[in-house]
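Accompanying notes for the structure given below.
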2 protein chains.
Amino acid sequence: MKDIRAYLSEHGIRPSVQRISIMEYLLTHKTHPTVDEMFIALSDSMPTLSKTTLYNTLKLFVDRQVVLMLGLDEKNARFDGDVSPHAHFKCSCCGRVEDIFEDELPELNLVFKNNIGRRFIMQTELSYTGYCSDCYDKRIQSIDNSITNTI
Amino acid sequence: MKDIRAYLSEHGIRPSVQRISIMEYLLTHKTHPTVDEMFIALSDSMPTLSKTTLYNTLKLFVDRQVVLMLGLDEKNARFDGDVSPHAHFKCSCCGRVEDIFEDELPELNLVFKNNIGRRFIMQTELSYTGYCSDCYDKRIQSIDNSITNTI
DNA sequence: AATAGATTTGTAATCATTACATAAATGAAA
DNA sequence: TTTCATTTATGTAATGATTACAAATCTATT
Ligand SMILES: [Mn+2]
Ligand SMILES: [Mn+2]
Ligand SMILES: [Zn+2]
Ligand SMILES: [Zn+2]
């Protein structure tokens, strides 16, 4: 895609094939993938891709502010091509990481600030953990069943 | 401390000497220490303490909700004995992790919610990265100096 | 004291990430 | 187009935090 080349160039990143693929993956997959998830997916179209290249490239992207590294998953770092201010939710049941935007959390923008006290803020991360709507429904249902079974 | 024993017991945690020491450390040190920092500090008074015990105990505390595990430091997990809703700031210059309470961030409580959409929220983490006031001042000063030197 | 259960300990394994050395690609002169 | 310097990519080895596991110790109860 021509615009990905431009996007990278604008941020001082020379657009190699690997870098374009990795950036494109992050822009088209809003799943906040781990390194391994990306590596497996990208290896299909780029069998020679090295995991080191993936790590190096992600580090470069994060440094240049075109990608966000999320810390809400203790096990693996997760990455996000959307650098606009938004929050994240991780379901501790199914593991998925969802975006939370203003429509669901209008108070969101109030905590994204440039400074707090005399501190200079460079990054804000607002993350939630709990049960996603699917898993919550299943849980309720299984409780209902267990009550029914007990009667 | 008698009240630490009680505090642990109230949360279904049998108060062994190790557990009391670890909890006491977290309640009296608001530095959001890493495992290693705690291990070194606690080893003074408990030379036989095992790092595995420290890991196990912290996991137990986090499960029982008497301690918070922070994910804002990519390298090491950090721990907090204060489980009340507040935000955290990590200085990327000096590395220190500071608390941010309502007095500095009145909007804080607005994002600590029990649910968002149909999601059930169990934990909220609001964390900032940037320059603390000390490091920010130093940086300004060093820029001033370099300007002065250039003239 | 004997017993059972919980807790602690030390060592070995795991696994994500990083370091490093080499190979390939790129791009500007000549 | 060759040449050469610089950047980027690759594979392997090392690191380092965390976890698994089995044995030792502690604690409470009979
Ligand atoms: Mn996102
Ligand atoms: Mn805190
Ligand atoms: Zn779920
Ligand atoms: Zn600082």
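Within every chain, numbering begins at 1; the chains are lettered A, B, ... in the order of the sequence lines, protein sequences first and strands thereafter. We use all heavy atoms of the structure for the numbers below, so side chains are in, but hydrogens, waters and symmetry mates are not. Just so you know, these numbers come straight off a predicted model, no measurement behind them.
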Heavy-atom contact window of chain B on DNA chain C, given 5' to 3' at under 4.0 Å: dA6(C) to dT18(C)

Roughly how far, to the nearest 0.5 Å, is CG of Leu126(B) from NE2 of His88(B)? 9.5 Å

Considering residues at least two apart in sequence or located in another chain, which fulfil the salt bridge (Lys or Arg N to Asp or Glu O under 4.0 Å) criterion with Arg96(B)? Glu98(B), Asp134(B)

What string of B, S and - do you get for nucleotides 4-19 of chain D, 5' to 3', if B is base contact, S is sugar-phosphate-only contact and - is no contact with any protein heavy atom under 4.0 Å? ---SSSBBB----SBB

Kindly give the heavy-atom pair with the smallest separation between Arg19(B) and Ile13(B), and that separation in Å. CD-CG2, 4.0 Å

For the residue pair Thr129(B) and Ser92(B), what are the closest heavy atoms and their distance? CG2-CB, 4.1 Å

Give me the ring orientation class for Tyr7(A) and His11(A): parallel if the planes are under 30° apart, tilted from 30 to 60°, perpendicular past 60°. perpendicular

For Ile100(A) and Leu105(A), work out which heavy atoms get closest and say how close. CG2-CB, 3.8 Å

Please, which pairs that meet salt bridge (charged side-chain N to carboxylate O under 4.0 Å, His left out) have at least one residue in residues 79-88 of chain A, sequence neighbours excluded? none

Starting from the C-alpha separation in whole Å, work towards a yes-or-no answer on side-chain contact (heavy atoms from CB on, under 4.5 Å) for Glu107(B) and Lys113(A). CA-CA 11 Å; Glu107(B) 307 89 337; Lys113(A) 317 193 66 153; 3.1 Å; yes

Using side-chain heavy atoms (C-beta onward) and a distance below 4.5 Å, is Cys93(A) in contact with Cys132(A)? no

May I have all residue pairs that pass ring-ring contact (aromatic ring centres under 6.0 Å, His included) and include part of residues 105-132 of chain A, sequence neighbours excluded? Phe120(A)-Tyr136(B)

What residues from residues 60-71 of chain A pass a heavy-atom cutoff of under 4.0 Å to DNA chain C? none

